[in-house]
Protein chains: 2
Amino acid sequence: MADRVRHIPEATVARLPVYLRSLAELVDEKTATVSSERLAEMAGVNAAKVRKDLSYLGSYGTRGVGYDVEYLLFQMSRELGLTHDWPVVIMGAGNLGQALANYGGFTDRGFPVAALVDADPSKVGQTFHGVEVHHVDDLPKIASDRGVRIGIIATPAAAAQAVADQLTAAGIRSILNFAPAVITVPEESSLRKVDLALELQILSFYQQHSQPDPEASGSRT
Amino acid sequence: MADRVRHIPEATVARLPVYLRSLAELVDEKTATVSSERLAEMAGVNAAKVRKDLSYLGSYGTRGVGYDVEYLLFQMSRELGLTHDWPVVIMGAGNLGQALANYGGFTDRGFPVAALVDADPSKVGQTFHGVEVHHVDDLPKIASDRGVRIGIIATPAAAAQAVADQLTAAGIRSILNFAPAVITVPEESSLRKVDLALELQILSFYQQHSQPDPEASGSRT
DNA sequence: TCGCCCTCGTGCACGATTTCACAAAGGCCC
DNA sequence: GGGCCTTTGTGAAATCGTGCACGAGGGCGA
């Protein structure tokens, strides 16, 4: 149905990778077909949502049977653009940047780290986990030479906006921001944020509100 | 107005830390009062949303003037439970766990790392960035001795659920999961997820769809 | 003290997302 | 080949979150 309509809700897009991971697990355990119910359980959502989400990709299920695991996996990979690797650059070779370069989770899942980039000349030329640090002035060249389309900001908050601008100038329009700062990018760019301390603060909120704090005056939950 | 009503929407809760950060910046630059408009700009949202969000905390603004920065900062810190530190444990002393222990961003923002915990005896006793690795069997003791209420899962996906259960058993009911796996926790626990590869996959989707199809769009902030 | 101006707090309409419920459709057994 | 059973795909309703528009209220100048 939603074949011509190329608009997939943002909330759905955010769940697709979770389904993808579940499907990969099913392939590993040699399961041939899967029902929306089973997939829902694996992905931690509800079955109706799974069916609606998958229907945005097309009608890939078989009524009375379920979804063919391999076929769905392939279609979803294609939709997510994961049929090939996407090299990334990490901006900032400090603590966080090094840690990210060191973290195998990116490369494993099709996002090899093409380069670390830093403004500090003393860092340039060093290597972390096989990834070389380049100077930020070389960013445009690196990006075009290596086909980098995704940039990861791992600088201090103060530098984040400037770095985002440099990425944009280098033609990189997908940005993942780890810096604890609000940054703006051009309309046509995509921006996602990961703020570690922010997540903890949210947990703190719920912790605070889950049980009556003897110190807090008055209010009940 | 919403004084008796203690229910703050999840979406609002997720924005409070962003406002908090903006307020901290304003304090640094010695700004005494701030309008919803200014705060909105700093937080990257719209002014009406700021006012609505803040109204859940109480009527802390002054019409015609704006919000008193220090007072609002205090009230918000209190609401978020950030008037004191929350020690955390990091489960898993592998690549990611070490990196997180090494990352100063937690301690700086009131979440000191009390301990690293691992199941591997050969890791126990080692120290990373001043944080000692303990055996997982000692988790309950560590948690109660040090008042740890928040656990961070930094293990491989396969171990994530078991570790979540161990945290729960140790009385820890706020969990931040970095492992690329869906885990379930008891009803009364809070769970937040950070999946690095998943974020990149989402970016990949929009990248994939921005190019061939001129009408597709990315996410904005 | 009076009145004007500015910005908050919020009712309301709208849009997005979730959930329900069920008809349609494919496979399988007899 | 027909009917039954299962599970999808999808309208429609319910819920949640957003943004607008405006009345209320407070400060400040005259």
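Computed from a predicted structure; not experimentally measured. First the proteins, then the strands, lettered A, B, ... as listed; each starts at 1.
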Shorter than 3.5 Å, N or O on both sides, protein versus nucleotides 12-19 of chain C: list them out with atom names.
residue : atom : partner : partner atom : Å
C/dC12  : N4   : B/Lys52 : NZ           : 3.3
C/dT18  : OP1  : A/Arg15 : NH1          : 3.0
C/dT18  : OP2  : A/Arg15 : NH1          : 3.4
C/dT18  : OP2  : A/Arg15 : NH2          : 2.8
C/dT19  : OP2  : A/Lys49 : NZ           : 3.4
C/dT19  : O4   : A/Lys52 : NZ           : 3.3

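- With hydrogens and angles left out, the side-chain atoms of A/Ser36 and A/Arg51 include a donor and acceptor closer than 3.5 Å.
- In this model, the phosphate group of C/dC8 is approached by a side-chain N or O of B/Ser36 to a distance below 4.0 Å at OP1 or OP2.
- Aromatic pair B/Tyr67/B/Tyr60: centroids not less than 6.0 angstrom apart.
- Atom CZ in B/Arg51 sits about 16 Å away from atom P in D/dA24, given to the nearest Å.
- Between the CD1 atom of B/Ile8 and the P atom of C/dT10 there is a distance of 14 Å, rounded to whole Å.
- Each of A/Thr62 and B/Tyr60 lies near DNA chain C, and the nucleotide nearest B/Tyr60 is the one positioned closer to the 5' end.
- Of the two residues contacting DNA chain D, namely A/Gly64 and A/Leu54, the nearest-nucleotide position lying further toward the 5' end is that of A/Gly64.
- The aromatic rings of A/His84 and A/Trp86 are tilted relative to each other, their planes meeting at an angle between 30° and 60°.
- Rounded to whole Å, the distance from OH on B/Tyr67 to C1' on D/dG26 is 14 Å.
- A salt bridge links B/Arg38 with B/Glu29; the closest basic N to acidic carboxylate O contact falls under 4.0 Å.
- The distance from atom CG of B/Leu72 to atom P of C/dT7 is 16 Å, rounded to the nearest whole Å.
- When rounded to the nearest whole Å, the span between CG of A/Asp68 and C1' of C/dG27 equals 15 Å.
- Scanning atom types as modelled, no donor and acceptor separated by under 3.5 angstrom connect the side chain of B/Arg63 and the base of C/dT7.
- Protein atom CZ of A/Arg38 is 13 Å distant from nucleotide atom P of D/dT8, rounded to whole Å.
- A salt bridge does not link A/Arg109 to A/Asp85: none of the charged nitrogens lies less than 4.0 Å from a carboxylate oxygen.
- Rounded to a whole Å, the CD atom of A/Glu37 is 15 Å from the P atom of D/dG9.
- Here CD1 of A/Ile175 is found 11.5 Å from NZ of A/Lys193. Values are rounded to the nearest 0.5 Å.
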- Show your reasoning for whether side-chain contact (heavy atoms from CB on, under 4.5 Å) applies to B/Phe205 and A/Leu80. CA-CA 4 Å; B/Phe205 173 90; A/Leu80 282 167; 3.8 Å; yes

